[in-house]
Amino acid sequence: MPARGMLAHMQTVTMIARRALDAVLPPTCAKCRVVVERNGTVCADCWKDLRFLAPPWCHSCGFPFEFEGAETVSQGRGNADAPLCADCLHKPKSFDRARAALGYDDASRALILAFKHADRTETAMTLANWMALAGGDLLAAADVVVPVPLHWRRLFLRRYNQSALLAQKLAQSRGIAFHALVLERRRATRPQGHLSGTARHRNVAGAFRVRPSQRGQIEGRRVLLVDDVYTTGATIAACVASLRAGGAAAVDVLTLARVLRT
Ligand SMILES: [Zn+2]
Ligand SMILES: [Zn+2]
């Protein structure tokens with residue numbers, strides 16, 4: 001059997017084996033692996049630990065006002081239809097609007113880790129549905145959905161880019177164009193976990209660009225940039241700058257989770 005035929009054959013065998021396993025094994029919680037009713041969902045205990053974000057929130061960054069305290073809302077910062085949080089008033093953001101489905105905390109961190117490091121592609125549909133709830137307006141306005149890319153070396157280690165998977169499910173669910181290759185990570189950046197905000201911005205500045213062959217996909221269009229977590233916003237800001245330089249008319253950002261600072 002030629003090598004390619006053999007590979008296809010092995011893939012088919014693996015797929016059939018996988019389906020057979022899925023049929024025998026009960027579906028488990030995407031986070032803690034207790035048995036649940038349907039694949040790709042979380043159990044009731046994990047569900048109640050998650051912090052789902054909802055309006056009223058900052059028109060720019062999606063920061064929930066309930067979290068910041070009633071004071072901000074009553075002060076009516078920004079205009080009444082598009083209130084802004086204190087952070088966005090002081091430092092206007094480079095994106096048009098950002099929304100997230102969950103607050104980033106121990107519960108969502110564990111869920112994202114489970115999603116990242118295991119074969120949990122079936123979870124992507126559930127998570128994308130949560131994101132669609134938070135980012136309905138953004139999806140309705142989007143012309144094209146683009147994920148934050150991983151460097152190929154990290155992609156190779158992880159086997160898939162979870163942001164691309166989420167972006168693809170979101171685009172599919174609304175019939176929006178999805179282009180995974182628009183942004184290119186030109187160099188592997190250091191892991192950002194232990195860096196301060198300023199160091200993070202320095203770490204990722206110039207790390208991304210729009211592939212010249214892909215410019216046509218975003219020129220003059222409203223782009224929805226998708227990532228798993230919004231932390232300091234350094235990675236997002238670097239991607240937004242690249243997309244604008246590449247000709248995007250507007251850039252909104254939708255993430256699964258975001259850090260909530262008080
Ligand atoms: Zn669970
Ligand atoms: Zn804000």
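Read the numbers this way: they start at 1 and go in the same order the structure lists the ligands and their atoms. Not measured: the values here are computed from a predicted model. Along the sequence shown, residues carry numbers from 1.
Residue contacts to the Zn ion (ligand 2): Cys88 brings an N, O or S atom closer than 2.8 Å.
Between the side chains of Ser108 and Asp105, a donor-acceptor pair is found at a separation under 3.5 Å. Between Ser163 and Asp227, the side chains place a donor N or O and an acceptor N or O closer than 3.5 Å (distance only, hydrogens not considered).
Under the 6.0 Å cut-off for aromatic ring centres, Phe52 and Trp130 qualify, their centroids lying closer than that.
Using modelled atom types, no side-chain atom of Arg33 and backbone atom of Thr28 make a donor-acceptor pair closer than 3.5 Å.
In this structure, SG of Cys32 and SG of Cys46 enclose an angle of 110° at the Zn ion (ligand 1), rounded to 10°. The angle that Cys85 SG and Cys61 SG make at the Zn ion (ligand 2), rounded to 10°, works out to 110°. Seen from the Zn ion (ligand 1), atom SG on Cys29 and atom SG on Cys43 lie at an angle near 120° (rounded to 10 degrees).
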